[in-house]
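Here's the structure we're looking at; comments come further down.
Quick note on labels: first sequence line is chain A, next is B, and so on, each numbered from 1.
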Amino acid sequence: MTKPIVCINHVSKKFCRSLRKSLFYGVLDMSAELIGLERNRINLRKDEFWAVRDVSFQIEPGETVGLIGHNGAGKTSLLRMLGGLILPDTGNIEVNGRVQALIALGAGFNPVLTGRENIYINASLMGFSKKEIDQRFDEIVAFSGLSEFLDMPVQSYSSGMVVRLGFSVAAFLEPDVLLVDEVLSVGDLAFRTKCQVRIQELRSNGVAVIIVSHNLHTISHLCPRSITLEKGKVIFDGDTETAIDIYRSSLIKTYQKYDDNNLRGGTGEIRIQKVEILNGFEEKQDVFSIGEKVKIRLHYHAYQPVLNPVFNIVIHILNSFQVTGIRTDVDGIITGNFNGEGYIDIDIPNFYLLPNAYTIDAVIFHSDGFTFYDRLNNASHLVIKGGNEINGIAYLGHSWRIN
Amino acid sequence: MKDQPLEVTITYTSEKLSQKPYKLLILILSDIMASRELAWRLFLRDISAQYRQSLLGIFWAFFPPIITAAIFILLQSRNIISTTTNIPYPAYVLIGTTLWQIFADSVNAPLKSTTGAKPYLVKIYFPREALLISSFLGVLFNVLIRMIIVLGVFIYFKIPLHGGLLLAPIGIFLLILLGMVIGILITPIGMLYSDVSTSLPIILQLLFFATPVVYTLPEKFPFSILNIVNPVTPLLVNARNLMINGVFDNTSHFIFISTITIISAFISLAVFRKSLPIIIEKLGT
């Protein structure tokens, strides 16, 4: 058993919601630090909250670990503490080696100066000596593919070119621990692939890599192990598949707490009471496998007679883009008269969506299909379980025959 | 992949490292040594960017002290201000405003350089001292350019040269050091509150009149108190005296202020080092 390369022991960090107070606390903390007083670390002051709370884990050399959590779960704060930018309020972090971050691509670039000059500046900031830069310079340029633009000022580069130049310098870092924050989600596909290849290379050289990304596919491709954070706490540490499942259910929990009632609007003659997700046996269920039978049941209440309303169900990936939508008018269904309470069923024999967390919005339109009676966002949620081996946007129902 | 495995262990801890002052000093000095290459790179970047985007270039280094001097030369020639100097008044004022501008630059430099580095300061770790060293180099660069003014004054007014002139760089260095110390000490607060950078020009303006730049040392009470209270006075007066007469004036006061300045230089570096993580936390990403 080798010595862990990163050792995080009971680390907490608090932040402040109000800017004014935050700055004032900053002054207090600085004064305390300078006079040599012990500053108030354990108790929260007014408007403060724990951004990271009692986090402990260890990372071995050559491990690639994903940090998963929704916005504000403490991922970036943790990464910044690992990078030595900010210090923990309690606990300690031990790193046995050189930490470098793939965070600030193109740090210190001056737009007026040429690409060549900026490579030197950026690399110096990342800790390279002039000799080291001279040695790697040609490789860096070749990697960026920008040799013909090298003596142009960086301000005339396209934004994609700037990112490429920045990454090319960062690609030649030789850290013991590499921190990656969301850079994998910028740039084009070729660039992202380059990043991933480089990370694999570093990993096989025994570098520990810690990745923060909202793109769970990236995480599941690169990291065998992941840590799920919720409100600054570690809620899971283990295999990535489970970590992602736990993250998704935690995400749904947060969404279910949202009260979107004040956003409803509409003319209101007929209202959506609730939307239920049922399985093939008409039992409530919210976790399914790919291709299972799903029934969506929409309960309505018409307060006065309504003629031919249009029902619409929209499915989103939680926190992200729309996957699909179903409308009665598009399907050519005349819905007829409504009065009082009742429900409508939508049967989906094979729910062919990829593993992810989904949220369902329901809308009832007037018969014109534009004005709406009622809209219920985040009406219901469901999770398609399974790994992230399947990447993409569509699932095709299929069977194999090996001849 | 690496020549040798690194045996360094970095610890970030909430617990206060019981650092003895001399250990902290050694740490700071070793970081300064480690960051000199980066500091040089940042200095080159700032200078080349500045001059590449400027039509008149180093003219702007001459301009402020000369304009200030011109105003006072005019005022004095009309007898609006009366002061007697042992060299022609224009020479006295030109050297004075040049030295003052060097001091004012030194006060401004640390905050300006740290604020300018904010975008990457909050994202990657590098020896923070590099920012201070590079701003120090920037001040030195301007000093060299401004010496052309002094040279012009010496030639035009035929001021005799003394052996003491060789000591003048020490005087100028201490003046820069005092300015940088003040600049570094206000940087932490200045990064958090914009009030500091807003008020700085006004305060420097007041300090300008409280320092014998365009007039000689006031001898009458209560203005003579300023000579003692204002730390800029002995350093600026002596830098000028060393240039003109080659002699020290009020040596004990000069040595006292110089010692204080050198000691506070180390204190200011410690303050800078201790407060930056807290500032970065407050600045966000």
* Can you name the nearest heavy-atom pair linking B/Ile280 to A/Leu85, along with the distance? -> CG2-O, 4.0 Å

* Spacing of B/Tyr193 atom OH and A/Arg20 atom CZ [to the nearest 0.5 Å] -> 7.5 Å

* Go through the structure and list residues passing salt bridge (Lys or Arg N to Asp or Glu O under 4.0 Å) with A/Lys75, not counting sequence neighbours. => none

* How many angstroms lie between CD1 in A/Ile86 and CG in B/Leu276, if you round to the nearest 0.5 Å? -> 13.5 Å

* Structure fact -> When the 4.5 angstrom heavy-atom criterion is applied to B/Leu192 and chain A, the contacting part is both

* Would the number of heavy atoms belonging to other residues, nucleotides or ligands and lying under 6.0 Å from CE of A/Met152 be above 12? -> yes

* Relative to chain B, which of A/Asn110, A/Ile121, A/Val27 shows the most heavy atom pairs under 4.5 Å? -> A/Ile121

* **Residues of residues 43-61 of chain B with any heavy atom under 4.5 Å of a heavy atom in chain A** => B/Arg45, B/Ser48, B/Ala49, B/Arg52, B/Gln53

* Structure fact -> Separation between OH (A/Tyr25) and NZ (B/Lys282), nearest 0.5 Å, reads 9.0 Å

* Does A/Lys130 reach the side chain of B/Arg41, with side-chain heavy atoms less than 4.5 Å apart? -> yes

* Asked: For B/Trp40, does the CH2 atom have more than 12 heavy-atom neighbours from other residues, nucleotides or ligands under 6.0 Å away?
  -> no

* Engaged part of B/Glu37 at the chain A interface, taking heavy atoms whose separation is under 4.5 Å -> side chain

* Structure fact -> Most contact-rich option vs chain B, by heavy-atom pairs under 4.5 angstrom, among A/Asn118, A/Leu82, A/Leu79, is A/Leu82

* To do: Could you tell me the separation between the CD1 atom of B/Ile278 and the OG atom of A/Ser31, rounded to the nearest 0.5 Å?
  => 8.5 Å

* To do: Let me know if B/Ile279 has heavy atoms under 4.5 Å from chain A in its side chain, its backbone, both or neither.
  => side chain

* Please look at A/Lys14 and chain B and tell me whether the side chain, the backbone, both or neither of the residue comes under 4.5 angstrom of a heavy atom of that chain. => backbone

* Asked: Do other residues, nucleotides or ligands put more than 12 heavy atoms under 6.0 Å from A/Phe172 CZ?
  -> yes

